[in-house]
Amino acid sequence: DANEILSGNPILLHKKTQSPALHSDLFRYAMIAKKQQIWVDLDLIALQPIHSEDDYLFGFESASVVNTALLYLPPESKTLADLLSQFNANTRGYPPHFSKFKKFRYFFKTKGRGPHISDMPWGATGPTALSRITKINNEIKYAKSMSAFYHIELKDVRRFITPGALSVNDFPKESMATHL
């Protein structure tokens with residue numbers, strides 16, 4: 001029962017987009033902490049068995065951003081503890097990855113209280129947070145290269161739907177999965 005991990009009453013939606021991705025971010029962190037299981041988005045296709053020599057499992061989607069589509073952090077991970085403590089359904093304030101300009105902008109919009117988690121910019125609890133927090137905690141060193149899970153960049157996503165534009169041979173040998 002998913003409610004044993006994180007209550008779905010209500011499902012937390014990103015206010016601007018009405019996307020449940022926000023709830024999904026919180027759920028994946030809670031699931032990893034409570035069940036010590038790997039989170040895998042449904043739009044990830046395994047190309048070979050997924051493994052890691054480390055206790056960490058996540059990868060770069062670009063030169064500076066790590067993605068949460070495939071994620072595992074060990075119980076002793078400072079990043080996991082920070083994600084759990086900084087984000088919940090009642091979170092209000094300024095995430096640590098907000099720039100001074102963003103904090104200043106939200107200060108006036110929220111009369112100094114900071115935005116509610118549902119009003120934060122898209123991705124503030126997902127890849128943006130994971131990228132920033134793993135850097136702060138020196139856990140970014142465990143991130144796999146882009147070729148592990150995100151070999152096809154967003155700008156090339158049409159290759160997934162264009163007949164003949166992509167074959168399994170187009171992926172590097174070290175690619176374990178691909179994120180659609």
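Numbers for residues simply follow the sequence, beginning at 1. Values below: all heavy atoms of this structure, side chains included; hydrogens, waters and symmetry mates excluded. Please read these numbers as outputs of a predicted model, since none were measured by experiment.
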Taking every non-hydrogen atom, the tightest pair across A2 and F27: O-CE1, 3.5 Å
Other residues, nucleotides, ligands: >12 heavy atoms within 6.0 Å of K35 NZ: no
Heavy-atom pair of closest approach, residues L80 and P74: CD2-O, 3.9 Å
Any pair counted as ring-ring contact (aromatic ring centres under 6.0 Å, His included), so long as it reaches residues 114-145, sequence neighbours left out: H14-W122, Y56-Y142
R28 and D41 ion-paired at < 4.0 Å: yes
Verify same cluster id: L47, V40 (apolar side-chain graph, 4.5 Å): no
Distance in Å, S147 OG paired with M176 CE, rounded so as to fall on 0.5 Å steps: 8.5 Å
Linked, directly or transitively: F108 and Y94 (ILVMFWY side chains, under 4.5 Å): yes
Shortest non-hydrogen separation from Q18 to K15 and the atoms involved: NE2-O, 2.9 Å
Validation row: K144, L57 side chains within 4.5 angstrom (heavy atoms): yes
By ring-ring contact (aromatic ring centres under 6.0 Å, His included) - contacts of F87 (at least two apart): none
With S77 via side-chain hydrogen bond (donor to acceptor under 3.5 Å, both in side chains) - residues at least two apart: E139
Approximate separation, where rounding is to 0.5 Å, of F58 CZ and I38 CD1: 13.0 Å
Intermediate values then yes/no, side chain to side chain contact (heavy atoms under 4.5 Å, CB included), L70 and I50: CA-CA 10 Å; L70 190 140; I50 295 171; 3.5 Å; yes
Taking every non-hydrogen atom, the tightest pair across T134 and L130: OG1-O, 2.8 Å
Whether over 12 other heavy atoms sit under 6.0 Å from K103 NZ: yes
pair K109-K111: side-chain heavy atoms closer than 4.5 Å: no
Under 3.5 Å: donor-acceptor pair, side chain of T17, backbone of S19: yes
Derivation of the side chain to side chain contact (heavy atoms under 4.5 Å, CB included) call for I32 and L71: CA-CA 8 Å; I32 292 167; L71 181 63; 3.7 Å; yes
Closest non-hydrogen atom pair, E61 against M146: O-CE, 3.5 Å
Sub-4.5 Å side-chain heavy-atom contact between L12 and P20: no
Evaluation steps, side chain to side chain contact (heavy atoms under 4.5 Å, CB included), between T68 and Y29: CA-CA 10 Å; T68 59; Y29 305 145; 3.9 Å; yes
CD1-OG distance between I45 and S175, expressed to the nearest 0.5 angstrom: 12.5 Å
Spacing of L26 atom CG and L84 atom CG [to the nearest 0.5 Å]: 9.0 Å
Steps toward side chain to side chain contact (heavy atoms under 4.5 Å, CB included) verdict (W39, L44): CA-CA 11 Å; W39 172 270; L44 203 92; over 6 Å; no
Donor on one side chain, acceptor on other, N9 and N3, under 3.5 Å: no
4.5 Å side-chain heavy-atom contact, H23 and L6: yes
Atom pair CD/CG of Q36 and L73 - distance to nearest 0.5 Å: 11.5 Å
side-chain hydrogen bond (donor to acceptor under 3.5 Å, both in side chains) partners of D43, counting only residues at least two apart: H179
Distance-only donor-acceptor pairs under 3.5 Å for side chains of residues 152-161, two or more places apart:
residue: R159; atom: NE; partner: A165; partner atom: O; Å: 3.2
residue: R159; atom: NH2; partner: A165; partner atom: O; Å: 3.3
residue: R159; atom: NH2; partner: D170; partner atom: OD2; Å: 3.3

Single-linkage hydrophobic cluster Y106~F104, side-chain heavy atoms < 4.5 angstrom: yes
Spatial distance of atom CD (Q86) from atom CZ (R132) [nearest 0.5 Å]: 10.5 Å
All pairs passing ring-ring contact (aromatic ring centres under 6.0 Å, His included) where residues 59-83 contributes a residue, at least two apart: none
Test item: I117 and D119 side chains (from C-beta on) under 4.5 Å apart, heavy atoms: no
V65 to P127 - nearest heavy-atom pair and separation: CG1-CB, 3.9 Å
Cluster link I133 to M31, ILVMFWY, side chain under 4.5 Å: yes
